[in-house]
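Let me begin by presenting the structure, written as structure tokens, before commenting on it.
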Amino acid sequence: MKRLVSIIATVALAAQGFAGEVMVKGSDTMLNLTQRLAEAFSNAQPDVTVSITGGGSGVGINAITNGEVDIANASRSIKSKEIATARANGVNPVEIVIAIDGLSVVVNSENPVKGLTLEQVGRIYRGEVKNWSEIGGPNRKVSLYGRQPSSGTFVFFRDEVVKAEYSAAMRQMNGSSQIVEAVKADAGGIGYVGLGYLKDATGVRAVPLSKDGQEFVSPQDEAKVKAGRYPLTRPLFQYTSGKPKGDAKAFIEFELSPAGQKIVEEEGFLPVTSDYQAKNRAILQ
Amino acid sequence: MHRLKVLFAAAATLFVTSVFAQEPGETQFEHNGWFRYTNQSNSFKVTDPSVSRFALERGYVRLAHRWTNQLFTKFTLDFHSSDKYTEGATVRLKEAYADLAIPFLKDFNFTAGLQKHYFGLIYSWDYTHPDKTLADDRGVCASADYGLTVNGFLPGGFGEVQLGVYNGEGYKYAGKFVNVSPELLANLRLTPFAGLQFGASVFTNAKDNSPYKNDATGGRRSSDNKLRLMPDTANTERLAFAPMLRLAFGPVSLTGEYISYSFTRKFSQYKLIYDSANVLIDSTKEEKSRDYAQSGFDLMPLVTLAGRKVEVYGRYSMWERKEQSGDSMPVNLGASFTRFGGGVNYHFVRREKGKPGMGFQLAWIREKSRKEGAEPKDTFMAQFRFEWDALLKPPAL
């Protein structure tokens, strides 16, 4: 009997992955950031391999729910349905915030529009504004670029800004890099990407946004974003099955360390705020 | 190089997963086929089977269209092998419903049409074991039915709830075979913490006309030629209750349910009166009824191995049927049994949303009737399962 238990335990361990490997999957917004964090972590801990794949927040959450990965990257919070499914599978999704993103609305560098209200951006993406001249811009047709439905950014932007259906004219791009490239090549283009994708981008610029038409704030104005004055900030999450353990915990602790948070800033995102830091500490203790 | 590998993996993942979530205007086309060999014999005499057949047991063709973020419709036809037709195959309507997100009630939908039957394990049964759930197998209710439901998830992931009004006869019955007495259903599943799911379903239905269709042969005479049995049977006062439990820890899980189902069967018959020359001279119609009470349980332990590529499972079921005889309710031993068995599944490609899936299933079940002297019946199933889908985008404006 003991032998049988031992065999089952060994096989179960093998099914859960091997020590020295951390598998991360999910948000495309967080792909470059976590890749850089993984490289830095592997330099410090060469015996641990961190594998990062994208696919969208929903894909990552689905993977952690099925026990396929150690960490899910998500640019939106987990849904009730996903938590119920995870629990039924014996998985307790635990949430960590590793960075803050200022979701940015980008236009071609040639576009002279100085700022937009969230209401105007919503009208643009609902297809109610067809020409930039309707909102004080040049006489140029508006071209819409966005993400695919599997993306957490797609969901966040729809829920917070569009507040209805996206226009059928919006072109769905595979990733944020493609949005930047498309807007760069299209003088009438508009897109939305995580702050990190503006870091080295040329030919596009972030449009200052306003919630109420009073103050227009650029997502690249770090002080105002940190002060919570930019209207489209959001936490970037990682989910683990239960409290993080072993190599996955070591990787998350590195992400939240000063060295990790420096990389967060270098990649164009904002470090974790004090309230999220306190929540993270409670989980990692 | 490592970075390139990671980016390549990310691009590949994007390619295969980008299709699973639908946008307004998009239509998902899906095909799902089960090609099965079944061998049925008594006491392991597999070379002398009573059944030995290949068949396409399921051939679902599904079209799901998203009209808006709030409105979604689905239509499923099942093209499968059947010996009832000279062509060797038939088609049945399995799903046809509209699903509307309820405003101001997050994560709740209103569904109308031919849809899932949210009873017991039926609606979440993913055919890890290729056979049906016990409730479906024993005719407690069908896996799908015409109706109206409100279904959704509790805040914080603490479970799900469904309330429904159905025809009650099941998806195979329509038109004149459906009465005006609706089935009322409630289902609750709770997931208070990881690894535990429990809940219960209950339905009640004043009358079910489905036996009418089964017996609609114009009536028949009893073997002693003294009764004319009429086809106007109906099951009334139907009541079914099914608590369920699922425990999961790492790769190991145990799923079980208990089912209690009772009803009264009403039917009529003519008592035939003959003269001394054996000529029928009169008949008297008599209204009859008989009570039935059935109960049973199903247990399925499962171990998932090798990165979810392999599943090994067992299954134990028990069913008991009691039928009224005078004032007592003796057990009908011929309709009562225990079953046990198990099997293994190998997923060449694990089915996920938006990804094709392909797997091989091997299962064995032994059924032991409680009837004295009955030989155990063994059923072997070897099944190849494949599923794929494609997203049809609306034409660019």
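Hydrogens, waters and symmetry mates are skipped; everything else that's a heavy atom, side chains included, is used. Labels below follow one simple rule: chain letters A, B, ... track the order of the sequence lines, proteins then strands, and each chain is numbered from 1.
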task: Classify the angle between the aromatic ring planes of His117(B) and Phe119(B) as parallel (below 30°), tilted (30 to 60°) or perpendicular (above 60°).
output: tilted

- request: Go through the atoms of Leu247(B) and report whether side chain, backbone, both or neither lie under 4.5 Å from a heavy atom of chain A.
  value: neither

- prompt: Taking His347(B) as the fixed residue, which of Arg308(B), Glu311(B), Lys309(B), Gln361(B) is the one that meets the side-chain hydrogen bond (donor to acceptor under 3.5 Å, both in side chains) rule?
  reply: Glu311(B)

task: List the steps, then state whether salt bridge (Lys or Arg N to Asp or Glu O under 4.0 Å) holds for Arg66(B) with Glu26(B).
output: CA-CA 6 Å; Arg66(B) 179 161 288 286; Glu26(B) 292 178 347; over 6 Å; no

task: Can you tell which part of Arg171(A) gets under 4.5 Å to a heavy atom of chain B, answering side chain, backbone, both or neither?
output: neither

- request: With a 4.5 angstrom heavy-atom cut-off, could you sort out which part of Gln172(A) is near chain B: side chain, backbone, both or neither?
  value: side chain

- prompt: Quick one: what part of Phe158(B) sits under 4.5 Å from any heavy atom of chain A, side chain, backbone, both or neither?
  reply: both

Residue part contacting chain B, namely of Ala88(A), when any heavy atom lies under 4.5 Å: both

task: Flag the one option from Asp107(B), Leu154(B), Thr68(B), Val310(B) with the top tally of heavy-atom pairs under 4.5 Å to chain A.
output: Thr68(B)

- prompt: Which region of Ala164(A), side chain (C-beta onward) or backbone (N, CA, C, O), has a non-hydrogen atom less than 4.5 Å from a non-hydrogen atom of chain B, or is it both or neither?
  reply: backbone

List, one per line, each side-chain donor-acceptor pair under 3.5 Å for residues 248-257 of chain B, sequence neighbours excluded.
residue: Thr255(B); atom: OG1; partner: Arg246(B); partner atom: NH1; Å: 3.3
residue: Glu257(B); atom: OE1; partner: Leu121(B); partner atom: N; Å: 3.2

task: Could you tell me how the ring of Tyr125(A) sits relative to the ring of Phe157(A): parallel (under 30°), tilted (30 to 60°) or perpendicular (over 60°)?
output: perpendicular

field: Name of the residue among Arg62(B), Gln115(B), Lys116(B) meeting side-chain hydrogen bond (donor to acceptor under 3.5 Å, both in side chains) with Glu95(B)
entry: Arg62(B)

